Amino acid sequence: MEKTWNNKAWFMVLPVLVLVAFSAVIPLMTVVNYSVQDTFGNNEFFWAGTDWFLDVLESDRFWDALTRNLIFSAIILTIEIPLGIVIALNMPKKGIGVPICLVLMALPLLIPWNVVGTIWQVFGRVDIGLLGRTLASLGINYNYVQNPLDAWVTLIIMDVWHWTSLVVLLCYAGLVSIPDAYYQAAKIDGASRWSVFRYIQLPKMKRVLLIAFLLRFMDSFMIYTEPFVVTGGGPGNSTTFLSIDLVKMAIGQFDLGPAAALSIIYFLIILLLSWIFYTVMTTSDAQG
Amino acid sequence: MARINLEHIRHAYGAKPTSEADYALREVHHEWNDGGAYALLGPSGCGKTTLLNIISGLINPSEGRILFDGHDVTQLSTQDRNIAQVFQFPVIYDTMTVYDNLAFPLRNRHVPEAEVDRRVKEIIEMTGLGGWAKKTARRLTADQKQKISLGRGLVRSDVSAILFDEPLTVIDPEMKWVLRSQIKRLHRQFGFTMVYVTHDQTEALTFADKVVVMYDGQIVQIGTPAELFERPRHTFVGYFIGSPGMNVLPAKIAGNTAAIGGESIALNFLPKIKPGAKTELGIRPEFVLLGREGMPVAINKIEDIGRHKIVRARFADLPISIIVDEDGEIPAEPRVTFDPKAINIYADSWRVGEEA
Ligand SMILES: Nc1ncnc2c1ncn2[C@@H]1O[C@H](COP(=O)(O)OP(=O)(O)O)[C@@H](O)[C@H]1O
Ligand SMILES: [Mg+2]
């Protein structure tokens with residue numbers, strides 16, 4: 001199809017641009033402003049150049065937190081994407097089961113982050129929590145307050161419980177768009193269950209999977225509320241992710257300069273990684 | 001290759017059919033000979049696709065049995081029935097190359113790769129997709145995609161039957177003709193049992209030895225093109241086959257005369273009619289003879305379509321079509337006679353035979 005070019009169309013996006021400017025660009029610029037200045041209070045600022053950036057980049061604290069973030073996101077993606085696909089494949093395609101499943105799937109998505117955090121915080125407690133007590137009575141030594149591994153497992157299960165539905169719903173939308181004729185042709189061609197998945201369902205889900213992957217990556221990389229509510233970054237620093245560290249720095253220690261520099265670095269990392277994922281996934285799509 | 005028997009097949013899509021109208025297939029009882037080339041002809045919605053899907057096992061019939069060479073396959077899955085089917089709209093595997101698309105049905109059945117290569121190359125040649133073999137199928141046009149769908153149906157050499165469900169709908173007329181002749185050639189070469197669904201009578205008549213006409217969930221007639229033309233078993237076949245279709249005129253039958261309006265027509269046989277049936281007389285436009293003798297008609301319109309002329313007229317106050325030769329003259333006071341050999345009598349829409 002030929003595209004028609006009409007420069008007046010730009011006026012259509014003007015309102016959005018203004019909105020985005022006020023809601024995103026301007027706040028971002030104030031952060032940039034902080035990141036290159038120093039202050040001793042009294043609203044007096046000095047030019048600090050790239051000092052804060054170098055400080056952040058040279059600190060172990062930053063690299064440790066970044067590593068935790070990367071590991072966390074990697075685990076989340078390796079669990080949620082395949083699990084989401086498997087659940088979507090097994091959801092009913094017609095009948096009364098469809099609305100029931102959709103509602104069940106949508107439920108976790110409707111619960112705010114801090115509520116999810118609180119639910120699991122209580123649920124997992126060794127003294128009063130159902131999960132904590134049950135595991136303890138089974139003789140399993142589970143304690144997310146003291147044991148870093150338990151803290152991680154708790155956070156991961158929590159995130160999987162909260163967000164796998166998103167992947168499921170996106171995949172399901174991709175699956176129901178496949179015409180029946182494709183499945184019929186596959187039967188005629190003697191395709192195995194795996195071939196049907198590999199050559200019919202997966203290609204049709206590719207676009208939505210890309211979206212699911214990016215959303216889950218960005219979101220898990222920015223994880224804040226859950227560890228804040230459940231573990232507070234501990235035990236030790238074992239669940240101190242970049243976002244937690246940032247808040248500690250900015251509000252706990254009132255180091256606005258380094259905190260601002262960290263924010264920008266954090267933002268750029270997410271942007272960069274998302275861009276890389278997007279490019280890799282879409283170019284592999286365009287080949288052939 | 002197989003003989004296929006459909007025994008009292010009925011099918012309803014709804015779970016609990018209560019009336020005859022709930023059935024998409026009302027009753028099909030029919031044998032498809034081994035190696036026959038059949039055209040399945042009928043209007044949209046008459047149940048053609050349903051019937052094919054029942055043969056291939058994509059649908060389980062509500063009632064009845066299917067036999068392949070005498071073996072009951074009603075409960076067998078599509079995979080186990082070994083049937084090839086080509087659908088109306090192209091189905092291709094987007095991410096595979098054209099070559100792999102065509103090889104897919106063979107590889108799934110573990111055909112040796114050398115044989116796969118030979119078969120696929122044959123099909124690629126036949127469909128003229130040579131330059132595309134190594135390209136991803138997604139970039140093809142709709143008719144190229146349909147050629148791949150068709151190719152996947154033809155690539156297997158061991159099938160019991162090949163079913164075509166209006167396979168050439170999206171293909172342009174000239175290519176249609178080429179592909180149809182190639183399918184016919186394959187039929188002659190390998191002797192597959194073929195069922196070719198279409199709602200285009202020319203396509204049906206040129207493809208098949210036997211044409212199966214369906215109407216409203218039933219098979220109304222099976223016959224050679226000549227039989228369908230000369231002795232339509234049901235008034236629907238009369239209308240549907242031929243251009244224009246048969247004239248079907250309400251008639252009162254008494255003994256061996258038919259009365260239409262004020263005119264009476266002598267029949268050369270004594271039709272066997274149950275009392276109370278709605279009776280009609282059918283005569284094809286080719287056998288209505290226009291001249292100076294016979295019963296009067298009023299001509300409304302004359303369409304000249306090259307080889308002959310179609311005259312639209314009123315006879316006994318009923319519309320009637322008449323075919324006249326290109327150079328046939330049309331008198332000022334036109335009259336018609338009906339060729340007695342070409343008259344068919346229908347009772348409640350079904351053709352009646354002679355009184356025994
Ligand atoms: N999946 C289905 N569910 C319910 N009704 C259907 C379905 N497929 C076809 N039908 C109905 O069955 C009848 C026959 O359809 P079909 O076999 O597709 O006809 P054709 O192929 O001759 O056009 C139609 O009335 C159609 O509406
Ligand atoms: Mg159909």
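In what follows, chains carry the letters A, B, and so on, assigned in the order in which the sequence lines appear, proteins first and then strands, with residues in each chain numbered from 1. Small disclaimer: the values here were computed from a predicted structure and weren't measured.
Taking chain A as the reference chain and counting heavy-atom pairs below 4.5 Å, the highest number among Ser149(B), Pro105(B), Gly57(B), Gly153(B) is found for Pro105(B). Ranked by heavy-atom pairs under 4.5 Å with chain B, the list Ala191(A), Pro203(A), Ala186(A) is led by Ala191(A). Between chain A and the options Ile92(B), Leu106(B), Thr97(B), Asp94(B), heavy-atom pairs under 4.5 Å are most frequent for Ile92(B).
The minimum heavy-atom distance linking Arg152(B) with Ala185(A) is given by the pair NH2-CB, 4.1 Å. Between Ala84(B) and Ile188(A), the closest heavy-atom pair is CA-CG2, 4.0 Å.
The 12-atom threshold is not exceeded at OH of Tyr278(A), counting heavy atoms of other residues, nucleotides or ligands nearer than 6.0 Å. Annotation for Ile96(A): atom CD1 does not count as buried by contact number, only 12 or fewer foreign heavy atoms lying within 6.0 Å. For Trp63(A), the CH2 atom sits in a loose shell: 12 or fewer heavy atoms of surrounding residues, nucleotides or ligands are nearer than 6.0 Å. Environment of NZ in Lys210(B): sparse, with no more than 12 heavy atoms of neighbouring residues, nucleotides or ligands closer than 6.0 Å. Heavy atoms from other residues, nucleotides or ligands lying under 6.0 Å from NE2 of His199(B) number 12 at most. Surrounding CD of Glu125(B) are at most 12 heavy atoms belonging to other residues, nucleotides or ligands under 6.0 Å away.
Between Asp189(A) and Tyr93(B), the closest side-chain pair of non-hydrogen atoms falls below 4.5 Å. No side-chain heavy atom of Ser192(A) sits under 4.5 Å from any side-chain heavy atom of Asn108(B). At a threshold of 4.5 Å between non-hydrogen side-chain atoms, the residues Gln184(A) and Val91(B) do not count as touching. At least one side-chain heavy atom of Tyr199(A) sits less than 4.5 Å from a side-chain heavy atom of Phe104(B).
Between Arg198(A) atom CZ and Met96(B) atom CE the span is 8.0 Å, to the nearest 0.5 Å.
For Arg81(B), no part sits under 4.5 Å from any heavy atom of chain A, backbone or side chain. Only the side chain of Asn53(B) comes within less than 4.5 Å of a heavy atom in chain A; its backbone stays farther off.
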